Amino acid sequence: MSVDERLNALRGTAPRKPHNARTLAALAANPGCRRRTLLDAAGIDKGQIAQGLGVRISIGQMSSIAIARGKGFEAKVKADGCAELLRLLREHIGLPVAEVHYHDLNPADTDDRITSRLRRSQRALQASAESNEPTGTLFDHPILQLTVNGVQVRIEPDLIAFKLGNQFFIVEIKSFAILDGTANSGKVAGAAQQSAVYVLAMREMLQTAGLDPDMVSDQVVLVCPKDFSNHPVAELLDVRKQLATLKRQLDRMESVESLLRLLPPDLSFDPRLDAAGRPTRDPQELAAAVYQVTARYSPECLDACELGGVCRAEASGMVPVLGRVVREDLGGIDSIKEAVELATGLREPDAGQQQVADLLRRAYGMRETALGAVR
Amino acid sequence: MTTPHDRAEIKTAQILTAFTDGGHRGVVVDSPPGAGKSTLVGRVGTEIAAAGDPVAVVAQTNAQVDDLVVKIANRLPGLPVGRLSRDGYQPPPTVLLPNVQVASRVDDLPDCRVVVGTAAKWAQVQTARTWPWAIVDEAYQMRSDMLLLIVPLFEQMLLVGDPGQLDPFSPIDGERWAGLPWDPMQSAVAVLLRNNPHIVPHELPVTWRLPASATRLVQTAFYPFSQFAPGTHDGERATHVPTVGIRRTAVDEVIDLAAGSGWGFLELPHRNTLRTDAETVAATADVAVRLLQRGTETRCEQAPGGRRLTAARIAVGAAHRDQVAAITRALRARGEIADGIRVDTANRLQGAEFDITVILHPLSGRIDATPFHLTPGRLCVLTSRHRHACIVVGRRGIPELLDAHPGTEPVHLKGFIKFPDGWEANQAVLAHLANHRVSAPH
Amino acid sequence: MTILTSLAKALAAYSMTPQQLTVYRHLHISSKPIVIVPLTLAGETNAPLAAMVGPDRARPTLIVTRQPRNRAERIEFAGRLASELLFPIETAAQQTQATGPGPNARLRVVDAPQLWVPNPAGIEFIRTLGRMTRLRFIEGPWAVPKKVRDLGIWLTWFAEQAEFADTGALIAATQAIAAVWATGQSDLEDGNLAAQMAWLAPPEGMDVAAAVSRAENPQLCPPAGPSTDPTFDRLFLEPALRDLATARNPAAHNAVHRRLTAMLEEQMRPTWELTWTAIDLLRDVPEAPRVPKRWEQQRDRFTSFHRYVADGGRPQAKRDSAGRSAQRLAELEQRMAAFEAQRAYDDPLVIADHRLTGEAFAGQVVDVDPARRVPGLRRNMLRPLVTVATGDQTHLDVGQHVYDPARNGQQAVIESVTETEDGWRIELELHNQMGSGLTAKPGSVPTLGEDVTYTSVTETFVRRRPWPTRDETPWTHGGPPPDSTPVVEDAAEDWS
């Protein structure tokens, strides 16, 4: 069976959930997790798996009110052929933009297939890259693709690519505010990681077409609401570090093929959806299948992966649930019970545990003395 | 063809001219490890003072200050040199040259043509005086808030430092200043350059310390935008370790490997451990002691006929203080032979130079990396202190740990971005060490 | 975090019972804390939606904006919050006492206000609301009531105080709890007040595991804010806001607003109760000896800032100037070091932490020469020698200054460290706090057989040259920046 066939078998009847810029950027959150790597490669809806296991997911939910506001803001920036955006590029970024062409790559209608949109986007961007036309061009909503783990992944970024001279700039419109020149550093990091995916995808496209990939700038234009208003403001964002991170993660991603080799051939994560899309597979059986692939859980997963709650339940009683620092402090002891028994002297350390056991016993002794004195 | 000496000399002359004739308020000099930074500071200070002008010299630690005082006082016999120090500071006897005066108040050193003190001490100075010339040594290790305090004392400043070493540190989360061009958590040079983009740093072109075997790696891993060359060629530095007969251990093997190639990596079996892991600590101490036991000799431009490696020419470096303490204890347990080996953290080894260094890899035995462990400056300091060879000790599994490391650091608008990335730097060093690996049995 | 904290977490997870991390509480708790539970509208920048405020657990004041997207309503919200907060601030400021006898005494408030929010995001809300209101004009075309601007200045002050390690002015309940107790879950999960409190005070008749599971369900335990639960937004808030916008007459509007108020109260009430329960739990922990002194300093800061505001002081700038940044960093560092040292001196569990990391050692005095003198510059100086036998692995070395927590930080210098069969012998020379004579005053030198502890942790105070004012910013730091006085644009700042 080919890799693709194996992956399809893993997914079963559930519809494929392709990678997007958000999921690719999220790779950075836990690149060492085999479970996530495999499920993402197979296009498996992790949220659905979690649901099938009866575990609540806390991530990926956005308030409908926030979504509405975000859409309104984006529409405002893009209104009238991106008039507002052009002003920002001129005034905030200092680009010498006089007039521009506007190239709409949004879907023409509901039948507009993604493959034809991809071809259209590629043609438009490549033609522009080859021309020496001095006027700027805005490409609204192009489709890009990126090779991930040997598979072509299409990404449909909510973005604008802007060409001026022989440079392409990615423009990211986000709805978090820039207040007095600063913004939430986690959200900026998220935007930078996503932008890096777009930059890399565009570079890959130019390179495939035999063009100079460095035409795509590693400085990204970030457009956000200013202070407490919904007036936009633009800032340049340097994504060189995020690009390097993304590239090395794609380069070093454990190959899906070798991951598959570790698994039983009949393994499947099919949640067996009923007509209404509800999972019908026995949760215990599904859990057993999921647990066949090792996870690398840390509490940060709860904010970064739909399976966070699943892996936390699996790791119950193990040191990683207490956090990365605790895991490091306990120097390689995996089980909470074992750590406590070593500390209290109920258990004799193995050969490799002598040192950490000594430390834990000393710590436990000091703790008892200190608390005992006031009890 | 120009020799390294010629090139270094030309650069020094350029820097002197730029500083003294250029009318610039600030001149910045970037120096790779062992490129003659303090020699430059001493020389510029001496020349300006000899020409008749007062010079202030700022260093970061008392040891650096003492070192510069001696350098300058020796070059200026007859001219008084001031050593500014805190109350009760006892300078080592070597500093007390006939033309050196020590005082805790700068106004008590009115006749001194050159006054040398730590940045912290200069930041306390209360005086009506100003100095036309100031030289700041190790300026990348000084925080910009310190610079802010001392600038008014000086008219023109030469800032010399090594951009690849550790950044200054604060236990405070500086989020509120992120992106400000005067962010007080940043180094003095970073802030000065951000606010004065027309200032282009000069670069010292030759490392006199690093052997040819280390220059390329250190440059690509830690100074991706710099060009510098070794001052010596391949054959000029050599390490000779008399062979052992039977019972050659992994420690012996790694020493032999490093003697031949300049690098060695003693790799212990994989295990997640405490950072003071007894086995790794023992192996680190063993390497250092074994170098002495075997009668290692080094040959170089300073000693073309070769000389016996002494304890004082060996350093053992680690990331954490408790590791340093554990290694110190392990060395003490190995008897008098180890007396005099310097064991210290990367922080405190900055600026120091040895013939052979033994390093406990910061990521050894860990499950995760943290920003502290990935800071490229830490590894840079540890792998660039040696003139002959560097031997790294660590547990297996570091590349896997790096691969699993999440890349989710916060990003600030207009934030200071520094290259190289710690991950890349660590990978580059590991990739190099993979070719110089000796596996230790469990 | 340290091995003791990690061990405590493991013990908590194993026993399903929270474990104390410190013997004492190092935070002052006001006799009349003011709790604020804020909620904001999703998608906007700190748009206040509602708040539950007050010093009385039984009778919170409920503030609900009549239309969160409306600028005037936000000013109205700020005005109502100002009425709640400025009154206790003024009341506290009016009651002062002299700092001591004599002509140099200053005035200090008898007690200062202390604000509590559920979590760090609540502090961020306070900070941002302060920014939103402090730069307004109180006259002219975009005038706001003076109390709104004053609120902005005060909220900014409270939020800035919260950046200090030793803060007692504005406190996030989750952090105050986490400073005293370890739960058997990670820090990330402890950030959810309900989940954290499930360990400390599970609902009647429920075990910790069940309580935690319930706490993580936003339908049963609404988030502690200021962000609301997305499901709540979709099912309840959004329809209510839509109805509010389309209400055709005041009566209909009032009806919708009553509905909105009721549903928002339901979202805030559990957090309000949890925050008060957290305060009560903390109050029951014995207070560390050095807490009153720190609170006195906090009262001084409040007193002097109140005078600044009363004298018509300018609102705080949008961002720190070079000099202000450096000065603030120095103060943050100094207060952090002092707090760390004071905690270590007060608390046996904190000093144990330092012993485990090698920054302190405890042992028994095995030799003492209390009358030892050494020649000084003018006369002989009293320098007793004390030898301590310890089993602690310290990495302190000869020449290191160490301090005795039991003798108010008496300074000693390590003279020698010798390894023995069962540990180390550390010889110390005592330097101060023994009186002025040539014999030590009673009790100032440890006696033979006494159990002693020494640590390198200490408060530091550095005297420096003055920080430059804005106008003195040197060329290295960009020169003097443009003036920071609020400008008309700030007053006119668009809010929606």
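None of the values given here were measured: they were computed from a predicted structure. In the text below, chain A, chain B and the rest are named by the order of the sequence lines, each starting its count at 1.
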Where does C/L11 contact chain A at under 4.5 Å (heavy atoms): side chain, backbone, both or neither? both
Do C/E189 and A/R312 have side chains that approach each other closer than 4.5 Å (heavy atoms only, starting at C-beta)? yes
The test is side-chain contact (heavy atoms from CB on, under 4.5 Å); show your working for A/D227 and C/T45 and say whether it passes. CA-CA 7 Å; A/D227 300 340; C/T45 314; over 6 Å; no
Does C/S186 reach the main-chain N or O of A/P299 with its side chain, forming a donor-acceptor pair under 3.5 Å? no
Heavy-atom cut-off 4.5 Å, strictly under: side chain, backbone, both or neither for A/Y364 against chain C? both
Chain C contact residues among residues 46-57 of chain A, heavy-atom distance under 4.5 Å: A/R56
Could you tell me whether the side chain of C/R234 and the main chain of A/S64 form a donor-acceptor pair under 3.5 Å? no
dist C/T5:OG1 -> A/D329:CG (nearest 0.5 Å) comes out at 8.0 Å
Between C/L241 and chain A, with a heavy-atom cut-off of 4.5 Å, which part of the residue counts as in contact: side chain, backbone, both or neither? side chain
Contacting moiety of A/L302, where chain C heavy atoms sit under 4.5 Å: side chain
Side chain, backbone, both or neither: which part of C/Q185 has a non-hydrogen atom closer than 4.5 Å to chain A? backbone
Chain A contact via C/T128 - side chain, backbone, both or neither, heavy atoms under 4.5 Å: both
The test is side chain to side chain donor-acceptor pair (under 3.5 Å); show your working for C/Q19 and A/R367 and say whether it passes. CA-CA 10 Å; C/Q19 301 288 318; A/R367 200 183 144 74; 3.2 Å; yes
Report, by ascending residue number, the residues of residues 335-344 of chain A in heavy-atom contact with chain C at a distance under 4.5 Å; give 'none' if the set is empty. A/I336, A/K337, A/V340, A/E341, A/A343
In terms of heavy-atom pairs under 4.5 Å with chain A, which of C/D353, C/L41, C/N217 leads? C/N217
